[in-house]
Amino acid sequence: VGSPEEADRPGVDVDLHHHGDREVGAGLVDLAVNVRLPEPPAWLRRELADSLTGLASYPDPSAATEAVAARHRRSAGEVLVTAGAAEAFTLLARALAPRHAAVVHPQFTEPEAALRAAGHEVHRVVLRGDFRLDPAAVPREADVVFVGNPTNPTSVLHPAAALRALLRPGRVVVVDEAFLDAVPGEPETLAPQALPGLVVIRSLTKTWGIAGLRAGYLLAEPALVNRLKAVQPPWSVSTLAARAVVACCGREALAEAEQLAAAAEGDRAFLVDGLRKLGIQVAGTPRAPFVLVHVPGGDHLRLRLRETGFAVRRGDTFPGLGPGWLRIAVRDKVTIGAFLHALERLLV
Ligand SMILES: Cc1ncc(COP(=O)(O)O)c(C=O)c1O
């Protein structure tokens, strides 16, 4: 998949801070942003509302830390609760002193942005074809490696064994599992595995519709957690975010996340099937609640879709992708059906 003229361009040539929310607007159906719920569920809003009376006190992340540890069968010393996954990228970039930082692309751009902002040079490892991870593609000298699983925007889920194959003495491997709770059964997760040099990052903002709250966490060996904690701004995880972490690690929330993930699989199959029937090439084997497609003239098609009321995310701000690539969020079948209908009319 992909043509040579769309090869990645070296250096910082794209806006690494471009995100799907810049592509939505009044009157547009949002297939560009990957947050899955239009608003947090009622039970979570109640939890948050209950926490408001405690806001006079400074936040205390201990209950959230314990809840994450229990959820992933890790010890509390292996957990750092963060203001979203994004804060974890910044803490890693600040605390580590890589001589050779490698970022496996195409992937979410904030890890590379955080590394660059901290003054580190970034070496891009660009996957092509079906976008599956080839551990041998990562240079031996890389002492920090960032990889997403499942990866945004390719939707590819890498095998845990391929990720483990990246581990070696003196290297930190950061696996961004921000979307893994959207894959039923969380296959290929490394979250419960205490392995030297492994950092697993999770986000709560996608599944629970709380991108505005900033809630996430990372799992790593205690010595590394302590190094990251040392550069974390005081009280960066608010009382409300910490409460959300506790609530979202509870048994009922996990069961609900599993149901949402299973429903999204059905919706994604409907979307992929419809796209293929229209002759559109879907990248890899999608496992996340979004799909990446390649369409000749995709940039033009994206603009025409906007005119018909649908915002999809441009792919060309992801290193390794060009203007023919588009990322489409999985929504309910009624929305997808309307989208496919609009697309069909544009393609004839
Ligand atoms: C792969 C990936 N990781 C992390 C994030 C950031 O998550 P958070 O909102 O928890 O900072 C995003 C947001 O789009 C993402 O796509």
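For ligands, and for the atoms within them, numbers begin at 1 and follow the listed sequence.
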- Can you pull out the closest protein heavy atom to atom 13 (C) of ligand 1? Residue, atom name and distance to 0.1 Å, please. Lys206 NZ, 2.4 Å
- Message: I'd like to know if Glu112 and Arg124 make a salt bridge, using a cut-off of under 4.0 Å between side-chain N and carboxylate O.
- Response: yes
- Query: Are Phe179 and Phe290 close enough, and set up right, to give a ring-ring contact (aromatic ring centres under 6.0 Å, His included), and what steps lead you there?
  - Reply: CA-CA 10 Å; Phe179 286 98; Phe290 46 85; 5.0 Å; yes
- Is Arg71 salt-bridged to Glu186, going by a charged N under 4.0 Å from an acidic O? yes
- Contact with ligand 1 for Glu110, non-hydrogen, under 4.0 angstrom: no
- Message: Can you tell me how far apart CZ (Arg202) and OG1 (Thr207) are? Round to the nearest 0.5 Å.
- Response: 9.0 Å
- Taking every non-hydrogen atom, the tightest pair across Ala329 and Asn34: CB-OD1, 3.9 Å
- Check each atom of ligand 1 against the heavy atoms of Gly84 and keep those under 4.0 Å away; list them by number with element. 10 (O), 11 (O)
- Message: Working to the nearest 0.5 angstrom, can you tell me the gap between Leu133 CG and Thr154 OG1?
- Response: 10.5 Å
- Please report which non-hydrogen protein atom sits nearest to atom 5 (C) of ligand 1, along with the residue it belongs to and the distance in Å to one decimal place. Phe108 CE2, 3.3 Å
- Query: Any idea how Phe310 and Phe339 line up, ring-wise: parallel (<30°), tilted (30 to 60°), or perpendicular (>60°)?
  - Reply: perpendicular
- Message: If we set the cut-off at 4.0 Å for heavy atoms, which region of Glu87 has an atom near ligand 1: side chain, backbone, both, or neither?
- Response: neither
- Query: Is there a nitrogen or oxygen of Ala86 sitting under 3.5 Å from a nitrogen or oxygen of ligand 1?
  - Reply: yes
- Residue, atom name and distance, where the atom is the protein heavy atom closest to atom 2 (C) of ligand 1: Asp176 OD2, 3.3 Å
- Message: Any carboxylate oxygen within less than 4.0 angstrom of a Lys/Arg side-chain nitrogen, looking at Arg46 and Asp50?
- Response: no
- Message: What protein heavy atom lies closest to atom 11 (O) of ligand 1? Include the residue and the distance to one decimal.
- Response: Arg214 NH2, 2.5 Å
- Look at atom 16 (O) of ligand 1 and say which protein heavy atom is nearest, naming residue and atom and giving the distance to 0.1 Å. Asn152 ND2, 2.8 Å
- Message: Quick check: Ala178 and ligand 1, any N/O pair under 3.5 Å apart?
- Response: no
- The protein heavy atom nearest to atom 9 (O) of ligand 1 is Thr205 OG1, 2.8 Å
